[in-house]
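What follows is a single structure, written as structure tokens, with notes after it.
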Amino acid sequence: MPLLENHIAVVTGAASGIGRAIALGYAREGAHVVLLDLNEAAATEVAGEIRKAGGKADSFALDVASHDDCIAVAKKVADQVGRVSILVNNAGINRRNAFTAEPDAVLKDWQDIMAINLNGTFNVTHAFLAPLRASKGRIVNIGSIQSFVHVRTPNSPAYTASKHGVLGFTKALAADLGKDGVRVNAIGPGLIETPLNAHVRATNQELVKIFIDHTPLGRAGKPEDIVGPALFLASDLSSYVTGSIVMADGGYRAI
Ligand SMILES: NC(=O)c1ccc[n+]([C@@H]2O[C@H](COP(=O)([O-])OP(=O)(O)OC[C@H]3O[C@@H](n4cnc5c(N)ncnc54)[C@H](O)[C@@H]3O)[C@@H](O)[C@H]2O)c1
């Protein structure tokens, strides 16, 4: 039997990169996938791709930074799709201004990154809490190696702070929701080749080299490298796992 048969899985930021790969992977394992993204057209396209391959998928536009929009979309999903049992909080952004950069840019980075990466994770989880509790669901939050460290390459303190927050929220929710049978875990990707970092990979080979030199597996990851951990944490394979983070970083954090 497929690993996620009879599950309805919401994936935020599912139009691109890691979220898209997880949505495709969940659909292959039998889940009905609900793709939520700011980029509605691209999310619709991925949902179409899933259906064309014989899977089940719907898509809705969502800005995870808006609590009201999250509540509204959760109602639409309940009415039009059904009871959600898996939530992947994946939508996220990054910018690489140092804290000492131009003050207005630093302030905007902080506000935008926190609004999407951290508040967005809260907003979507809050909106889908009732079906997740009722289904003894699973929540998978996308953290980072920056849930632990500020990496050796230029990066914004806001991103590091947001991903530390995502890990803290993961542990706090695991403690709060464990008695309801809801499991809450995170994934910590290393450098994964997605549109999020396409510009920096194209224009700053030195930065990529610093990263890869510190990665025991000696390569950057692909979005597909995150699918296995995401399936593990959403399925019964991880029935006694909660409050954990699975690092999928080529070993970056191990050395
Ligand atoms: N790529 C990496 O190296 C890497 C490493 C560690 C963690 N991550 C995390 O993985 C997650 C996915 O990143 P990715 O690399 O696939 O990026 P990506 O840019 O390819 O995809 C991100 C998706 O999120 C969507 N999104 C952005 N803001 C949104 C909002 N306000 N509301 C709804 N959707 C929104 C975008 O439209 C896009 O489809 C992020 O949380 C990111 O921080 C990425």
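Just so you know, ligand 1 is whichever comes first in the structure, and atom 1 is the first atom listed for that ligand.
Among L196, N141, I93, the residue whose heavy atom sits closest to atom 13 (O) of ligand 1 is L196.
In this structure, L191 is part of the shell of residues with a heavy atom less than 4.0 angstrom from ligand 1. Note on ligand 1: A115 sits outside its first shell, no heavy atom being nearer than 4.0 Å. Residue contacts with ligand 1 leave out T12, since none of its heavy atoms falls under 4.0 Å from the ligand.
The backbone N or O of V182 lies less than 3.5 Å from no partner atom in the side chain of D180, so there is not a single donor-acceptor pair. In this structure, the side chain of R183 engages the main chain of V241 through a donor-acceptor pair within 3.5 Å.
Where the criterion is an N or O separation shorter than 3.5 Å, residue side chain and backbone included, L62 meets it with respect to ligand 1. Ligand 1 has a nitrogen or oxygen under 3.5 angstrom from a nitrogen or oxygen of T194. Considering backbone and side-chain atoms alike, I18 places an N or O below 3.5 Å from some N or O of ligand 1. For V64, a nitrogen or oxygen atom sits less than 3.5 Å from a nitrogen or oxygen atom of ligand 1, counting backbone and side chain alike. Ligand 1 has an N or O atom lying under 3.5 Å from an N or O atom of I192, backbone or side chain. Taking only nitrogen or oxygen atoms, main chain and side chain alike, K163 reaches within less than 3.5 Å of ligand 1.
Nearest protein neighbour of atom 24 (O) of ligand 1, counting heavy atoms only, is G13 CA, 3.4 Å. Nearest protein neighbour of atom 20 (O) of ligand 1, counting heavy atoms only, is S16 OG, 2.6 Å. Looking from atom 7 (C) of ligand 1 to the surrounding protein, the closest heavy atom is G143 O, 3.3 Å. Closest to atom 6 (C) of ligand 1 among all protein heavy atoms lies P189 O, 3.4 Å. Nearest protein heavy-atom neighbour of atom 38 (C) of ligand 1: D37 OD2, 3.6 Å. The nearest heavy-atom contact from the protein to atom 9 (C) of ligand 1 is I142 CG2, 3.7 Å. Nearest non-hydrogen protein atom to atom 22 (C) of ligand 1 is G92 O, 3.9 Å. Looking only at heavy atoms of the protein, atom 29 (C) of ligand 1 is closest to L38 CD2, 3.8 Å.
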(Q) Pair I142, N117 - check side-chain contact (heavy atoms from CB on, under 4.5 Å), show working. (A) CA-CA 9 Å; I142 304 300; N117 295 10; over 6 Å; no

### Task
I would like to know whether K108 and D104 meet salt bridge (charged side-chain N to carboxylate O under 4.0 Å, His left out); could you show each step before the answer?
CA-CA 6 Å; K108 183 155 172 40; D104 285 347; over 6 Å; no

Report task. Could you check N94 against N155 for side chain to side chain donor-acceptor pair (under 3.5 Å), going step by step and ending with a plain yes or no? Result -> CA-CA 8 Å; N94 192 10; N155 225 305; 3.1 Å; yes

**OP:** Report the C-alpha separation of T12 and N90 in whole Å, then their side-chain angles, then the decisive distance to 0.1 Å, and conclude whether the side chain to side chain donor-acceptor pair (under 3.5 Å) test is met.
**Re:** CA-CA 5 Å; T12 68; N90 164 80; 5.3 Å; no

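Atoms of ligand 1 found under 4.0 Å from any heavy atom of N90, numbered from 1 in the order shown, are 10 (O), 11 (C), 12 (C), 40 (C), 41 (O). Within the listing of ligand 1, atoms 6 (C), 7 (C), 8 (N), 9 (C), 42 (C), 43 (O) sit less than 4.0 angstrom from a heavy atom of Y159. Proximity to P195 (heavy-atom distance under 4.0 Å) selects the following atoms of ligand 1: 20 (O). Atoms of ligand 1 found under 4.0 Å from any heavy atom of G190 (numbered from 1 in listed order, with element): 2 (C), 3 (O), 4 (C), 5 (C), 6 (C). Listed by atom number, the atoms of ligand 1 under 4.0 Å from N197 heavy atoms are 1 (N), 2 (C), 3 (O). For ligand 1, the atoms closer than 4.0 angstrom to any heavy atom of G17 are 16 (O), 20 (O). Counting the atoms of ligand 1 from 1 in the order shown, those under 4.0 Å from a heavy atom of D63 are 30 (C), 31 (N), 32 (N).
Other residues, nucleotides and ligands contribute more than 12 heavy atoms inside 6.0 Å of the CZ atom of R51. Within a 6.0 Å sphere centred on CD of E224, heavy atoms belonging to other residues, nucleotides or ligands number more than 12. Applying the 6.0 Å contact sphere to CD of E49 captures more than 12 heavy atoms from other residues, nucleotides or ligands.
No hydrogens or angles considered: nothing links the side chains of S85 and R138 as a donor-acceptor pair under 3.5 Å. Between the side chains of H7 and H32, no donor-acceptor pair is found at a separation under 3.5 Å. With no hydrogens or angles considered, no side-chain donor-acceptor pair links T121 and N89 at under 3.5 Å.
When each of H150, Q146, R96 is checked for a side-chain contact (heavy atoms from CB on, under 4.5 Å) with Y159, only Q146 meets the rule.
Using cut-offs of 30° and 60° for the angle between ring planes, the H126 and H67 rings count as tilted.
Following chains of ILVMFWY side-chain contacts shorter than 4.5 Å, one can reach V73 starting from L129, so the two form part of one hydrophobic cluster.
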